Structures are given as structure tokens and as C-alpha cells.
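Every value quoted in this text rests on a predicted model; they were computed, and no experiment measured them.
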2 protein chains.
Amino acid sequence: MPDKDQERLAAELGAAGGQLMRRLRAASPQGELTPTQRSVLGRIINDGPATIAALARAELVRPQSMGVTVGSLEERGILARSPHPTDGRQVVFSLTEHGRRTIETVRRAKQNWLAVAIAERLTPEEQRTLAEAAGLMRRLVQE
Amino acid sequence: MPDKDQERLAAELGAAGGQLMRRLRAASPQGELTPTQRSVLGRIINDGPATIAALARAELVRPQSMGVTVGSLEERGILARSPHPTDGRQVVFSLTEHGRRTIETVRRAKQNWLAVAIAERLTPEEQRTLAEAAGLMRRLVQE
DNA sequence: TATTGTTATACTCTATAACTATA
DNA sequence: TATAGTTATAGAGTATAACAATA
């Protein structure tokens with residue numbers, strides 16, 4: 001059973017997280033990648049090509065929702081589909097060359113508001129705290 | 001200029017934050033309060049009655065967007081409007097008795113998924129890390 | 001029967017643009 | 001002219017439900 005401090009921390013974390021996400025979305029205008037798209041692409045970059053169902057499980061969304069996200073990335077030529085070698089139901093998505101270049105561009109410091117803010121406004125120790133906290137947040141959302 | 005570590009931290013924080021917010025939204029079904037609504041109510045509880053414009057500035061959204069959020073809370077009888085004493089343009093929103101009771105209910109541990117997860121799955125030191133990180137996130141989003 | 005993916009529909013959150021009323 | 005609020009419209013992200021194809 002949570003005590004007062006833990007309830008307050010939950011409220012504060014939710015509010016701060018919401019602001020951070022809003023800020024991130026606001027900082028990715030027009031043709032750029034949205035936070036959701038970046039998250040999906042980051043996973044494909046780290047773990048390799050993946051199916052919609054696998055991405056949905058990893059990102060904690062419904063397959064239909066992931067279908068929309070992946071579909072928009074496919075439309076933009078950032079992801080390309082290919083059939084699964086043995087399972088005819090599955091469709092594997094991988095990064096295209098154009099996608100790889102797009103991501104390189106996005107990762108450039110100028111476009112990357114959050115990375116700049118972290119570098120300029122947090123001490124190294126605070127950056128370590130934040131990195132640790134990101135891991136803790138990952139642990140909390142795991143079912 | 002951010003280095004590789006800082007860029008990676010930014011990406012990781014964005015991804016973890018996104019998952020946390022999705023999980024929070026999924027954990028507040030039907031008649032409950034959404035994270036955005038909770039954030040606004042928390043601010044009114046802490047700082048007292050406020051106008052739409054003031055809430056919009058504090059929460060980093062446009063006044064029109066805040067108008068939608070506040071409007072939905074007003075429809076549900078959680079917030080009530082009253083005219084500003086001296087400025088005829090402004091409308092001040094405050095918590096109703098029904099709103100106060102709603103929030104009490106939401107804050108009960110059973111409904112509060114995140115508080116329970118924090119209490120059960122993080123050590124006291126990890127909780128302190130997370131609390132500190134929430135403050136850092138607040139600082140980062142400040143313009 | 002279970003899983004993968006698609007299509008249709010709807011809700012929340014946020015945005016921009018254009019307007020009215022008040023200062 | 002500037003600020004507070006409203007209304008209209010749109011887009012992103014997510015959800016549920018119903019379906020087809022494959023395992």
C-alpha cells in the first residue's frame with residue numbers, strides 16, 4: 001500500500017512526464033518524426049526488423065494502433081515491408097536507406113531539443129540520475 | 001553541443017516517458033480522470049483557483065487546448081466557473097465539492113496504479129532517485 | 001482455435017485560425 | 001492594441017470491434 005510520499009511522487013512523475021512529452025511533441029514540427037515514431041524506429045534500430053505484433057507488444061500498444069504508426073512510416077518511405085520467410089501471416093518491417101538518412105538528420109544536435117537541454121542545463125551527476133530514472137520508469141511499466 | 005551519451009539519454013528518456021504516459025492512460029479507464037485532467041486538477045489543488053490562460057501557461061499548452069480540458073471537467077461538475085472580481089474578461093475555475101470527492105476516490109491506492117508500483121517495486125533509494133528526476137524533468141521543460 | 005494483420009469508427013489531446021468581449 | 005475566452009476544424013495517437021488469411 002502506497003503512503004503519502006509515494007502517492008505524491010506518482011502524481012509528480014505523471015505531471016512532469018506529461019509536460020516532457022508535450023514539449024517533445026511540440027519540438028518535432030512539420031516533417032520531423034514524432035516521439036511515437038522515434039520510439040518505434042529506435043527499437044527497430046536496436047533490435048532489427050520486426051513485425052507489427054512484436055512492436056505493439058514491446059511498445060505496450062494494441063496491434064491496430066501500431067499498424068497506424070508503422071503505416072505512416074511506410075508511406076513516408078522510412079520503413080519497408082517484406083514477407084516473413086516461413087509464416088505467411090507475418091509482415092516484417094525494416095529500415096530503408098532513406099529512413100537511415102532521416103534518422104541521422106533528426107539525431108543532429110540542432111534538431112534534438114531534449115539532448116541540447118540535457119547537455120546545457122544538467123550537471124553530469126544530474127544526467128546520471130536521469131539515466132537511472134529512465135531505467136526505473138522502464139521497470140515500472142513492465143507488467 | 002550534446003555528445004553521444006546525452007543523445008542516447010534523450011532518446012531513452014523520451015521512449016521511457018512515452019511508455020509511462022501510455023501506461024498511465026491505459027490505467028485510467030471509463031469514468032476516471034485522464035493524466036491531463038489529473039495534472040490540471042493537481043495544479044488547482046496546489047495553487048488555488050485559476051483562469052484558463054494561467055493554467056495553459058503553467059501546463060505548456062495553448063489556451064484553446066486548456067479550454068477543452070477545463071470544459072470537460074466543468075461538464076462533469078468537477079470544476080465550477082465564477083467571474084473574475086475586477087477583470088470582466090477572465091473566468092476563474094475552482095474545485096467543486098463533487099470534484100473534491102472525485103479526487104479523493106481517484107487517489108485511493110487501488111485506483112492508483114503508479115503509486116502502487118512505486119511502493120511495491122522500488123527501493124526507498126530508487127524512489128528518491130525518481131523524485132529527483134521528476135524535478136529535473138520539470139527543469140528541462142522550463143523555457 | 002489462435003495469431004497476424006487490416007479496416008472502420010470513435011475518443012482524447014493538442015494545434016491553428018478566426019471571432020467576440022473586455023481592458 | 002493586447003488579452004481572455006470561445007468556436008470551428010484538423011491531425012496524431014490510441015482504443016474497440018469485426019473481419020480475412022494463415023498456422
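- No side-chain N or O of A:Thr69 forms a donor-acceptor pair with one of A:Gln37 less than 3.5 Å apart.
- Among the atoms of the strands shown, none is found under 4.0 Å from any heavy atom of A:Ser39.
- The nearest heavy atom of DNA chain C to B:Thr34 and to A:Ala53 marks one nucleotide each, and the one closer to the 5' end goes with A:Ala53.
- A:Leu79 has its CG atom 13 Å from the P atom of C:dG5, to the nearest Å.
- A salt bridge links B:Glu12 with A:Arg138: the closest approach of a Lys/Arg side-chain nitrogen to an acidic carboxylate oxygen falls below 4.0 angstrom.
- At the heavy-atom level, A:Gly67 lies nowhere under 4.0 Å from the strands shown.
- Going from atom CZ of A:Arg23 over to atom P of C:dA15 covers 12 Å, rounded to whole Å.
- Candidate nucleotides D:dG5, C:dA23, D:dT14 were compared by shortest atom distance to the side chain of A:Val68, and D:dT14 ranks first.
- A side-chain donor from one of B:Ser39 and B:Glu59 sits under 3.5 Å from a side-chain acceptor of the other.
- Taking atom CE of A:Met21 as the reference point, atom P of C:dT12 lies 20 Å away to the nearest angstrom.
- Rounded to whole Å, atom C1' of D:dA10 lies 15 Å from atom CZ of A:Arg25.
- Between B:Leu73 atom CG and C:dT12 atom P the separation is 12 Å, expressed in whole Å.
- Looking at heavy-atom distances under 4.0 Å, B:Thr36 makes contact with sugar-phosphate atoms alone, never a base.
- The phosphate of C:dG5 has neither OP1 nor OP2 within less than 4.0 Å of any side-chain N or O from A:Arg62.
- In terms of phosphate contacts, A:Arg22 brings a side-chain nitrogen or oxygen within less than 4.0 Å of OP1 or OP2 of C:dT14.
- Rounded to whole Å, the distance from CD on A:Gln64 to P on C:dA8 is 14 Å.
- In this structure, A:Gln90 places its CD atom 21 Å from P of D:dA20, rounding to the nearest Å.
- Counting only heavy atoms from C-beta outward, the side chains of A:Met66 and A:Val40 approach each other to under 4.5 Å.
- In terms of position on DNA chain D, the residue among A:Pro35 and B:Pro63 whose nearest nucleotide sits closer to the 5' end is B:Pro63.
- Toward the 5′ end of DNA chain C lies the nearest nucleotide of A:Val92, the other residue of the pair A:Val92 and A:Gly18 mapping further downstream.
- Projected onto DNA chain D by closest heavy-atom contact, A:Ser72 and A:Asp87 fall at different nucleotides, the more 5' of which corresponds to A:Ser72.
- Within the structure, every side-chain polar atom (N or O) of B:Ser65 is placed at least 4.0 Å from both OP1 and OP2 of C:dC13.
- For B:Leu55 and C:dT14, the CG to P distance is 13 Å, given to the nearest whole Å.
- The minimum heavy-atom distance linking A:Leu122 with B:Leu136 is given by the pair CD2-CD2, 3.9 Å.
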